[in-house]
Every structure is written in structure tokens, then in C-alpha cells.
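To start, the structure itself, in C-alpha cells.
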Amino acid sequence: MIANQMDNKECRRRPFLRARTWRRRVLACVCVGIFSSPVLAQTIGGDITEPAQAPYLADGLNAKANNQSVTASHEPDRTIQAQGKDQWAGFWTRQTMLGDMWGLRPALGKYGITLNLSETSEYLNNLSGGIKRGGTYDGLTTANVVVDTQKAFGLDGGTFNVSVLQIHGRNLSQYNVGSIQTSSGIEADDATRLWELWYQQTLMSGRMDIRLGQQSIDQEFMNSPSLALFVNTMFGWPTVPSYDMPSGGPAYPLSALGARVHYRFTDNLAVLAGVFDGNSTGANASQDSQQVDRSGTKFNLRNGTLWIGELQYTLNQPSTGNLDTGTSDGLPGVYKLG
């Protein structure tokens, strides 16, 4: 199964299952199918830090699927080439569904512009327990535009990113299960909303980068790059901060205005720190934060401050700027303290 999905989101609306229900019944969820189709561009995956990105697409929005270091760099693909006259040649083997888009992709690439459109679709079924049996479909369409400012404006080391979510379908956890922990990492209220809007500047020969703007912090913080394979939301942004933080915290599908700094001491040791608005939507405890700001454009800065930081130590990762050739003797991993 290939999944391109965002690392978690707020789940304040989800009703509880009574404790005795959990003891007496077994919940089984069957994921019948998940597919991801990058439609408009090369995958913007990276070090989401993404999203990221995303998510995702981490930092790209390929937050969940392309979580490489939990620092996603939306680096534009510099290897994009025209694919000949037959636009549909090699349809099942190429990286993107529409290929070079009749020359549009390489043309935009000359100006540092990379487009990405991906779809994640799921069918989950509750076989026993919960509120009721049965299955539901839910989906997530993610669109990203990434601009390499060196190519576009001659500003070296700059990256501009904007990502939009189109969330659709019906949430199994809310309607069939009744669990606090959602069954899927892409479950959220139906909406078309802005997800991230930020500018990142690389400094000190790539050792340090600063990001400013609307950010979904689950693309870099409290996350593991090896968990992108899994569907359940626990493998992304954990449930505990979602319930502890106002509005569930600035995590998928929400984000918050702020600034973050990433500094690498060595190829394996780095620090990630940020300051963000403390309540991204301004919702109070009785409100659904996703409904308070359905478009993701509230840009709230009036509800306190969230400070967050991590010390990250990675294992068996390729050196910065190098490809992962798979020749490492051990499995890749990361330790985080923060």
C-alpha cells in the first residue's frame, strides 16, 4: 500500500468509548485500499526539516508519506526533463501521472516553480464493537506550490511554500467507532483549506535554516520519519498534545503563525526550535476549532504563545546533499529529546 497522507490532526470532536466497551469488545478496522497519485508535479519530499511536509507534502505535504527527517525540504526537482511527444508513454512507471504536462512542468522548473497534486483515498471498516459496524470512505487531496527563489529571483537559499488541503469523505472514528484515537491520520472535517504558507531561508552554507509563516508543526516536531508507513493517527502527531493544547495544537489539518530555526551541529546532531501562536484558531473549549476556521486563513496572533524545541540525533542517514544508496549497515532512525 502506498499512502501519501498528513501526520495527524486535532481530534477534539471525537466521542469516547466507554471503558467497559473496550474490555468486552474487539475493534477491527480493515483498510481496503489506499492510493496516492501525484498528478501535477514531482514529489516534493525532503527532509519535512519536511509536509511537510508535509503532510509535509511535511515539510511538504507529503508529510506522512515522505517524512524523511522530520525537517521536509521542499527542494524543487532539478532533474525534470521533457518526456517526448507521447505524453502517456510509460504511464504506469513514471513518477507523476501527467508526466511533463505537455512541457509545462519543465518550463515552470526553469523559474524554480514546482507543482504537486496528490490524492489519498481510504476505505476503513469497523467489524466489531464501537458505535456501529460498517465502513466509510475518506480522502485527502493535497496541492503544493514550491518556489526556489534562487531560480525565480536570484535570492540564494530561499524556498517559498504554499499548500492547500481538500478533505472529503466520512470519518470512521467519529461515526462508527467513537474512539479518541482516530483510525486514520487523514481524518478531519470536510473542508477546502489553506494548510501551510511559509518562507524558508538557508544560512551558513546550509547548516542553518529559518522558516517564517503559517506552519503545521507536526511536520517536523514530535514525529518520526520511519512511521510514514502506518495508517493509524498515533503514528503521527500523538493524541496527548491534541487534547492538551488549545484547538488541538497547530497540527494537521490546522497550522499557526510562527517562526522556527533548525541548526545542524553535525550531520547526525541537530536542534529544532520554534515559537508559534498558542491557539491557532482562537476557539474556546466548547467549540470545534476546525469549524471556527474552516478556510485556514484566520492567521490568529491573539491567544498566547507556544514554545517548542527538540534535540535530534539521527542514525544511518545519508549525509546532507547525498543520495541514500541503501548501503548502510543499519536501519535508519532518530532519537529526539524535547
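Any value given below was found using the heavy atoms of this structure, including those in side chains, with hydrogens, waters and symmetry copies removed.
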Please name the pair of heavy atoms, one in [X] and one in [Y], separated by the smallest distance, quoted to 0.1 Å.
X	Y	result
T136	N171	OG1-C, 4.0 Å
N316	P332	O-CB, 3.8 Å
D189	Q290	N-OE1, 2.8 Å
S280	A256	CB-CB, 3.8 Å
S247	T281	OG-OG1, 2.8 Å
D277	R302	OD1-N, 3.4 Å

Joint cluster assignment, [X] & [Y], ILVMFWY side-chain distance < 4.5 Å:
X	Y	answer
L254	V292	no
L212	L301	no
V146	I210	no
L311	Y313	yes

How many angstroms lie between [atom1] in [X] and [atom2] in [Y], if you round to the nearest 0.5 Å?
X	Y	atom1	atom2	result
I180	Y243	CD1	OH	5.0 Å
H168	T141	NE2	OG1	4.0 Å
L165	T192	CG	OG1	9.0 Å
N161	E196	CG	CD	6.0 Å
S255	L197	OG	CG	8.5 Å
I217	Q215	CD1	CD	9.0 Å

Next item on the list: Is it possible for you to check whether R260 lies under 6.0 Å from the centre of the six-membered ring of F276, through NZ or CZ, and within 45° of that ring's axis?
Entry: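 Checked: cation-pi criterion not met.
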Margin query: Quick one about T202 and Q200 (side-chain donor to acceptor, distance below 3.5 Å, no hydrogens or angles considered), yes or no?
Written below: no
Next item on the list: With sequence neighbours excluded, tell me which residues meet ring-ring contact (aromatic ring centres under 6.0 Å, His included) with F265.
Entry: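 Testing F265 for ring-ring contact (aromatic ring centres under 6.0 Å, His included), a comparison that skips the adjacent residues, returns Y263.
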Is there a side-chain contact between [X] and [Y], using heavy atoms and a 4.5 Å cut-off?
X	Y	value
T114	L108	no
D209	L203	no
Y335	L315	yes
I131	N176	no
L172	N126	yes
V261	M208	yes
P250	S216	no
Q214	W198	no

Side chain of [X], backbone of [Y]: donor and acceptor closer than 3.5 Å?
X	Y	answer
N279	A283	yes
E310	M222	yes
N223	D218	yes
R264	G206	yes
T149	L155	yes
R193	D293	yes

Check: Hydrophobic clusters join Ile, Leu, Val, Met, Phe, Trp and Tyr when side-chain heavy atoms are under 4.5 Å apart, directly or via other members; which others share one with V275?
Finding: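 Traced through the cluster, V275 reaches W307.
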Mind checking what makes side chain to side chain donor-acceptor pair (under 3.5 Å) contact with [X], not counting sequence neighbours?
X	result
S286	N284
N303	N300
Q201	Y199

Next item on the list: In plain terms, say whether D267 and R207 are close enough for a salt bridge, that is, a side-chain N and a carboxylate O under 4.0 Å apart.
Entry: no
Notebook entry, point to check: Considering residues at least two apart in sequence or located in another chain, which fulfil the side chain to side chain contact (heavy atoms under 4.5 Å, CB included) criterion with T266?
Noted result: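 T266 satisfies side chain to side chain contact (heavy atoms under 4.5 Å, CB included) with N268, L269 once adjacent residues are dropped.
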Note to self: Please evaluate residues Q312 and V271 with respect to the criterion side chain to side chain contact (heavy atoms under 4.5 Å, CB included), reporting the C-alpha separation (whole Å), side-chain torsions for both, the decisive distance (0.1 Å), and the verdict.
What the structure shows: CA-CA 6 Å; Q312 304 176 347; V271 62; over 6 Å; no
Next item on the list: Step by step, work out the side chain to side chain contact (heavy atoms under 4.5 Å, CB included) result for L194 and V162.
Entry: CA-CA 8 Å; L194 175 69; V162 57; 3.8 Å; yes
Notebook entry, point to check: So E122 and I186, side chain to side chain contact (heavy atoms under 4.5 Å, CB included) or not? Walk me through it.
Noted result: CA-CA 9 Å; E122 301 174 332; I186 69 169; 3.6 Å; yes
Next item on the list: Dump the intermediate steps for side chain to side chain contact (heavy atoms under 4.5 Å, CB included) on F153 and D148, then the final yes or no.
Entry: CA-CA 8 Å; F153 315 114; D148 180 343; over 6 Å; no
